[in-house]
Amino acid sequence: MFRVVGQIVAMAAVGALIWWLLSNLSTNLNRAGIGTDFGFLTRPTQFTIPYFTTFNARSPVWQMVLVGVKNTLLAGFIGVLIASLVGLVIGIARLSTNWLAARLATVFVEFFRNIPPLVVIIFFGAAVFTFGPLPILGEATEIKIPGSSNNLLLLSNDRWGIPGLAAQGNVGAYLIVFALGVVVAVGMWIWRTRVNVNTGAPHHRLLWSLGAMALFGIVGYLLLGGPFVIEWPSLSENRRVIASGFAMNWGFMALTGALGLYTASHIAEIIRGSIQAVPKGQTEASSALALNGFQRYRFVVLPQALRIAVPPIINQYLNLVKNTSLGLAVAYAELAALTSTSIANGRPAVQSIVVMMAVYLTFSLTISLILNIVNRRLELVTR
Amino acid sequence: MTAAAERAPAVPKGSALAWIKERLFRNFWSGVLSVVLIAILAYAGYRVVLFVFVNGRWEAVSRNLTNFMVGRFPRGEIWRLVAQMTLLGLALGVAAGTASGSARDRAAEAGLQYDPPSLAGTLRRFWSLIAFVLVLLAMTTTVGPWLVAAAVVILGYAGWQSWRLPRSLRMVSWVTTALLLLASFQVVSGTDGRAWVPVALVVAAASWLGVPVERLQARLRRVVSLAAVTVAAAVVFGVYSVIGAPGVGWDNWSGMNLTLWWSAIVIVLAFPIGVLLALARRSTLPTLRYLATTYIELIRGVPLITLLFMGQFILGFMLPAGTNLSSISRSIAAGTLFTAAYVAEIVRGGLQSLPPGQAEAGQALGMGTPAITRKIVLPQALRAVIPAMVGQFISLFKDSSLLFIIGVTEFLAVRGIAHAQPDFRVIAHAETLVFVAVGYWAIAFAMSRESQRLERKLGVGER
Amino acid sequence: MTTEQIFADATQAKGEALIQLTDVDKFFGDFQALKDINMNVGKQEVVVVIGPSGSGKSTLIRCINRLEKHDRGTIVVDGIVLSDDIRHIQEVRRETGMVFQSFNLFPHLTVLDNVTLAPREVRRMPKKEAENLAMQMLERVKIPEQARKYPGQLSGGQQQRVAIARSLAMQPKVMLFDEVTSALDPEMIKEVLDVMVELAEGGMTMIVVTHEMGFARAVADRVVFMSDGQIVEVGTPEHFFTNPQEERTKLFLSQIL
């Protein structure tokens, strides 16, 4: 009896609190002349986003939200790549028998783990780019390819130019050839696995598959007369923009670089911990069976270490995506930055923030869902 | 079989040459790696030495030292901060001494040897903090900071003597520490602003724990506990509203001072909320469980900055017109809501790790659920999660840098003040950043080392 | 391949030394774990090593397959000298099988995969052949029906028998047993010892570190008593248990028998 009454009381109390807060909210908003609806999403943003030429002041707000989402995901994706690669290297270096490598890796980890990510981001933003040693765009440093007049890299404190790909025609045909290459690669994989099962010879299936794909890629490229061409970065005539190649703005580079390194330090710790958590008896047993170092890692240590490491690593990926909200500090147009600018330009704050939180919540819940599925697949079978 | 005489090992184990061969040049690739790394280190070391001692324009830091430490704190009231630091030094000394005394007692009981912490050991333990303070002192131009540092050390050492106290006075020691901490907060803030909030919380918690309700009947116990808590909070609020003892409320705190206190206040406020949330999440009542889980998952799914924005822009509208919360108060509210969810998850982990036999034993003894929770489950669970809580505090300490984005002047944001000065508008950005990074690092590093030490001493497992 | 054929090359005359340890010392830092060890193990011999804990028994057999590195002296296994050369070490490990106190089965692989892993990867056996061999080994240790299960689903005794099968699948010349029954519940010790007795009677060369005196009496050709890193006494089981010579031996036996 108490249970039912107690729960009704609890729900009533919480409901009353929420109702009180919301009613205050709408009263005060109305008094201030700010609407409480979400109609603002379809109205023009009235500001421009630097580096985004397809977006102008008349574009509706929901388009701005999409730009923010896209940029958040882009920064998150590249950040995750950097963090995983660097984290893997540093994590393994921590366990190296080479004292220098191990100590330097430890210093890296202890350094980045104990400073706020915002400080790292601002350091990249301010000390490397804005107030740093690099020249302004008009006088960008050009790193040329030896023996030609083309640039390999364009460096300035505002934008960097790297080589890009330009489509020349026959792109569709090339994609078909590439898809064929993928099919053949899969066939190679299956064939080599079968060879290994039947004869015991090492399969080298990864090499065969990649080789097949590379063969198709190269032959297809030559036969179709070069559907893609590498575009070297260069400045425009008036030296105001990067006219060719692929341009990256400083906000993006500072954010992804900083978050990549910061998260890498956490991932390195997770990887180190997971490898050390594999009981010593496992390596002993595999050594006693005459498995060499590579085989030990591949068949015994890493499968067990990854089981331990994957859930916290996915958690770190989630943290990285959430940390992209610090792009505000380096004027990178991700979701939080755009929301902040939009509020500063007069859009209703409450609704904008609600929209922003809803988007981040979607990201988190998606990643958590993936995490749960992964967890269930990885569980070791016991009684 | 003959018995062989003991012989010394063939390779001199301790020689430096053997060490280098084993650690750096075990095989060809290791040797290559060592050479490359040494080259990089040498070059990097050279550039760092140049930066720190030759080229660096550290005046940007040294001229703004007070700004970095206390921001825009009214210079005429600095005596309050001095008093605060000395009280904190004393409090820490008493706490350390009492802990040491308890450890000594436990060792004596078990018949084990107790090694008192040595000066060298303590210096090594907190080397990052000591180094940072020395760097600060080296950059000051007046003698004041040196005197304050000396006073803090002396008082800390005086407090440390509390290890000599007999066991009967241990509780008094701990209470003294709590009072000193409260006083250090009080001496600065007076009764200004929202100062009553953390004080009310601490007093209410003390009354919930302290008022003896065991002697009363079961039904009365809950009522009396609740009444005691409410009365305590109300009394504090009343006293603070009536007595006008002006101080410098936290609305005017900034710099590193604000960073540290913001983190402390938020964790103190978030802790009870987090514990309640954790209990609710494990409750048998589905509504409570549902509400708590929704809250926790919602908060953990969004970045802190969105909650700070919410505090900045929305909170004001949600309260009745006329309540004026400062930026800092709003950020404390947002931070508390954020941290409570994470504390809840930590405490829930601690509760789950407790063997169910504990609660069962309490039930077998005829205790009711609230008593079991209060006397058996919570104390053990909370003790088990101390390292994780310290970790959360370190996280909070680092996350306080986000206040910079909503315009609150904490440690990182003081760079804005420094670089607004005409001399430093475009130069010395790296120097101030390095200083800020070193400041955060020194404190966070020391705290994380302490947390690891605690984890080892409490025998709690990893992860 | 039948089990008999697998052990065919172990049916040569006893007495030909398969393992030779000469003047072996081993240090852990300043502590000397092995002092002046001289021992030979011949083909098809079953040597049981006993002694108090800390006497160096485990260290001794772990030096034989280089899980520990000896500091002085020579160890020769089937004509291969143990040195820092990794190829020699791998050769020795192919010819020696080791069973551990804590089983050390690979928890993420099925029982069958546990047993076939090394034959497939080290001896390059095709999968079918490896699985046939594995099933034969599992039959030998009397648990073929568990092949598709995971180690976590088996009892301690079953896991240890899988561990024995796993080592046997590499067709080693010598089997090393490191206190393999010490971590088992009493009712499971017998099933493991029975397997070991069958192995011994089938002609396998074995070095067994154990506390199980019944086993020593039943199948040992020689019993070695170690204490404080030294070999104190060696003898046949009859000599050893009825008429020990050294004082330390007598003391130890009085404590455990």
A/L104, A/N114, A/T362, A/V120: which one forms the most heavy-atom pairs within less than 4.5 Å of chain B? A/N114
Among A/L318, A/V128, A/I353, the residue with the most heavy-atom pairs under 4.5 Å to chain B is A/I353
Please examine the side chains of A/I122 and B/R415, heavy atoms only from C-beta on, and report whether any two atoms are closer than 4.5 Å. yes
Closest heavy-atom contact between B/F309 and A/S340? CZ-CB, 3.9 Å
Roughly how far, to the nearest 0.5 Å, is CZ of A/R113 from NZ of B/K398? 8.0 Å
Which atoms of B/E297 approach chain A - backbone, side chain, both or neither, heavy atom under 4.5 Å: backbone
When only pairs under 4.5 Å are counted, which of B/I394, B/L315, B/L41 shares the most heavy-atom pairs with chain A? B/L41
Nearest 0.5 angstrom please: B/W29 CH2 to A/N98 CG, how far? 13.5 Å
Part of B/L402 lying under 4.5 Å from any heavy atom of chain A: both
Ranked by heavy-atom pairs below 4.5 Å to chain A, first place among B/V436, B/L307, B/L433 goes to B/L433
Heavy-atom distances under 4.5 Å only: say whether B/S448 touches chain A with side chain, backbone, both or neither. side chain
Measuring only between side-chain heavy atoms, which start at C-beta, is A/I8 closer than 4.5 Å to B/T287? no
So which part of A/V119 gets closer than 4.5 Å to some heavy atom of chain B, the side chain, the backbone, both or neither? both
Could you tell me whether the side chain of A/L100 reaches within less than 4.5 Å of the side chain of B/L33, counting heavy atoms only? no
By a 4.5 Å heavy-atom criterion (distance strictly below it), what part of B/R425 contacts chain A: side chain, backbone, both, or neither? backbone
Separation between CG of B/L298 and OG of A/S364, rounded to the nearest 0.5 Å: 9.5 Å
B/I314, part contacting chain A, at a heavy-atom distance under 4.5 Å: both
For B/I38, which atoms come within 4.5 Å of any heavy atom of chain A: side chain, backbone, both, or neither? both
Quick one: are B/I405 and A/L326 in side-chain contact, heavy atoms under 4.5 Å? yes
Proximal component of B/Y290, with respect to chain A [non-hydrogen, under 4.5 Å]: neither
